[in-house]
*Asks:* 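Below is the structure I would like to discuss, written out as structure tokens.
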Amino acid sequence: MSWFKVFSPAESALLPGPVLVELLDLLYDGALLAIISMGALVGFMGLLVFATSGDGLVIFIAATGVLLNVGRAFDNLAYRRQRPCGADTAIQWERRYAIGSLGFAATVGLFNFCSLRLDDRYAPMLIGGLFFGYASSLIGRIYVRPLISGASLLLVAVPTAFGYGLLVLERDPYVGIAYATQTMLITGFTVLGLLTIAQSYRAMVGQLLTKRDLAAMAQQDPLTNLPNRILLRSRFEEIMAARQRAGHLVAFHCLDLDRFKPVNDTFGHPIGDALLQAVGNRLVRAVKADDIVARIGGDEFVVLQCGLHGADEAEALAQRVIRVTSAPYDIEGRQISVGVSVGIALAPQDGADLEQLLARADAALYRAKTSRRGTVAFWTGQSLSLPGAAA
């Protein structure tokens, strides 16, 4: 990510949705106090300048800035209540924040310039303090959205530096040196501020992407790239919450490969690993998009089937899984055949807890394998139902 791309309008499109949402949370979470403080400060400064100069334009600009920040404060409170979870909604909230931030920055820049044009000996000192205080806030807090912070910084810095630059031309040489120094300080501070924004943003995004990758690795089986038990639990809770609203059944299919150990013993673990990857791919293709396929260890897989109206739908999927996964595999030029047995537990009647359903589906699987390989078995309390063999 180059220095220039950090400030590109297309920068948001380069980020994964969850990272963008997290950056927006950081932007809004620390903003309310700063928005209120800066609005109050600009209002106070406007009163001071008006008291010494009597200029009505300055107090009007300051009042505009105060009103803008009142609106931004309400927008911040609305964000806290609604908190977007998707990238599209996050981008809309980012635009709202950008409009408020850029509008207030333009107001502060105009206020500074107009105040410096007054014949007021206190105004240059007050404006210098206002600029450095506000610019530091932009650099230190809003850097998580660099286009907003960078543009806001320029909207304040350019008219303020220009106002001090005009004072250099209008004052005697000794006083002019002081204003020239102030102009150079503002210019240098702005350039360094933009560099700091870019560097801080790159570091923050790097941390968030690393955290996201580590979280994904912790929830993903490294061999098959399927969800592991951790992610399975999370998705199971989501599916069960949706089931309670819709009243549908959830089927918990537990399956493992028949004759997998001889494959490992005969051809070696690399072939066995390739076979597990191929099985995982076939399982994903065999289920619906809303269903979950997970590997929970060894040659054990789980299919979480949601939105069922009856047990016959679960049996139909199990038979399809057996048929699809039992077809021969071509692994590195070797024709390998394995079978699959499936044990099924249904929620909510067989339980609503992941571990309980897993244990009961596993018990059904064990009975299916001991009865006849390549069959489907349901958990039915103390006994098991064996619908039949694979087609």
Side-chain angles (χ1 to χ4, degrees), residues 16-18 85-86 212-257 260 273 275-326 338 340-366 368 376-379 387 390:
C85 57
R212 179 173 175 268
D213 291 342
L214 291 174
M217 289 172 60
Q219 300 182 65
Q220 193 175 59
D221 173 55
L223 178 63
T224 62
N225 292 327
L226 294 174
N228 61 12
R229 188 185 290 260
I230 297 174
L231 183 54
L232 177 65
R233 177 179 296 280
S234 175
R235 300 297 299 274
F236 172 76
E237 292 172 354
E238 295 173 3
I239 289 173
M240 288 302 292
R243 190 216 70 80
Q244 290 178 353
R245 293 191 294 269
H248 296 154
L249 297 174
V250 175
F252 203 98
H253 300 251
C254 189
L255 57 108
D256 65 8
L257 305 183
F260 176 71
D273 290 346
L275 176 60
L276 291 173
Q277 292 171 340
V279 170
N281 291 335
R282 289 191 184 183
L283 286 172
V284 171
R285 292 196 297 268
V287 304
K288 296 185 301 183
D290 293 339
D291 298 335
I292 310 299
V293 178
R295 179 179 177 232
I296 59 176
D299 62 334
E300 292 186 76
F301 294 84
V302 166
V303 175
L304 199 58
Q305 184 185 12
C306 53
L308 282 73
H309 296 88
D312 56 328
E313 296 180 36
E315 182 185 350
L317 175 59
Q319 297 288 3
R320 183 165 67 252
V321 164
I322 292 174
R323 185 172 59 253
V324 168
T325 55
S326 297
V338 292
V340 176
S341 301
V342 181
I344 303 175
L346 297 175
Q349 60 260 42
D350 296 336
D353 176 74
L354 177 68
E355 298 302 330
Q356 184 181 45
L357 287 168
L358 179 59
R360 291 181 171 178
D362 192 59
L365 171 63
Y366 176 77
V376 180
F378 282 85
W379 168 267

*Asks:* Taking side chain to side chain contact (heavy atoms under 4.5 Å, CB included) as the definition, give me every residue that meets it alongside Asp221, ordered by chain and number, with sequence neighbours left out.
*Replies:*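 In terms of side chain to side chain contact (heavy atoms under 4.5 Å, CB included), with neighbours along the sequence ignored, Asp221 is linked to Leu223, Thr224, Arg295.
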*Asks:* Can you give the donor-acceptor pairs under 3.5 Å from side chains of residues 296-303 to other protein atoms, not counting sequence neighbours?
*Replies:*
| residue | atom | partner | partner atom | Å |
| --- | --- | --- | --- | --- |
| Asp299 | OD2 | Leu257 | N | 3.3 |

*Asks:* Tell me, do Phe260 and Leu276 make a side-chain contact under 4.5 Å, heavy atoms counted?
*Replies:*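 The answer is yes; the side chains approach within 4.5 Å.
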*Asks:* About how many Å separate NE2 of His248 and CD1 of Ile239, when rounded to the nearest 0.5 Å?
*Replies:*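 Separation between the atoms: 13.0 Å.
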*Asks:* Tell me which pairs pass ring-ring contact (aromatic ring centres under 6.0 Å, His included) where either residue lies in residues 275-299, with sequence neighbours left out.
*Replies:*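 Checked against ring-ring contact (aromatic ring centres under 6.0 Å, His included) - neighbours excluded - no pair reaches residues 275-299.
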*Asks:* With rounding to the nearest 0.5 angstrom, report the CD to CD1 distance, Gln305 to Ile292.
*Replies:*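 Answer rounded to 0.5 Å: 11.5 Å.
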*Asks:* Name all residues meeting the side chain to side chain contact (heavy atoms under 4.5 Å, CB included) criterion together with Ala361; count only those two or more places apart in sequence or in a different chain, and write none if there are none.
*Replies:*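 Applying side chain to side chain contact (heavy atoms under 4.5 Å, CB included) to Ala361 gives Phe252, Cys254, Ala345.
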*Asks:* Hey, are the side chains of Gln220 and Asn225 touching, using non-hydrogen atoms and a 4.5 Å cut-off?
*Replies:*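 In short, these two side chains touch, coming nearer than 4.5 Å.
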*Asks:* Just verifying a value: how many Å separate Leu317 CG and Asp291 CG, rounded to the nearest 0.5 Å?
*Replies:*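 The CG atom of Leu317 sits 6.5 Å away from the CG atom of Asp291.
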*Asks:* Taking the side chain as C-beta and beyond, is there a heavy-atom pair between Val340 and Val279 under 4.5 Å?
*Replies:*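 With C-beta onward as the side chain, the pair stays apart.
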*Asks:* Hey, could you give me the CG/NE2 distance between Leu346 and His253, rounded to the nearest 0.5 Å?
*Replies:*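 Leu346 atom CG to His253 atom NE2 measures 8.0 Å (nearest 0.5 Å).
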*Asks:* Would you give the length of the straight line joining atom CG of Asp362 to atom CG of Leu255, rounded to the nearest 0.5 angstrom?
*Replies:*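 That separation rounds to 10.5 Å.
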*Asks:* Could you pull out every donor-acceptor pair under 3.5 Å between side chains of residues 227-235 and any protein atom, sequence neighbours left out?
*Replies:*
| residue | atom | partner | partner atom | Å |
| --- | --- | --- | --- | --- |
| Asn228 | OD1 | Ile230 | N | 3.1 |
| Asn228 | OD1 | Leu231 | N | 3.2 |
| Asn228 | ND2 | Ala218 | O | 2.8 |
| Arg229 | NH1 | Glu355 | OE1 | 3.4 |
| Arg233 | NH2 | Glu355 | OE2 | 2.6 |

*Asks:* Would you mind reporting whether Val338 and Ser326 have side-chain heavy atoms less than 4.5 Å apart?
*Replies:*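 They are not in contact (no side-chain heavy atoms under 4.5 Å apart), so the answer is no.
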*Asks:* Salt bridge (Lys or Arg N to Asp or Glu O under 4.0 Å) with Asp256: which residues, sequence neighbours excluded?
*Replies:*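 Result, salt bridge (Lys or Arg N to Asp or Glu O under 4.0 Å) vs Asp256: Lys369.
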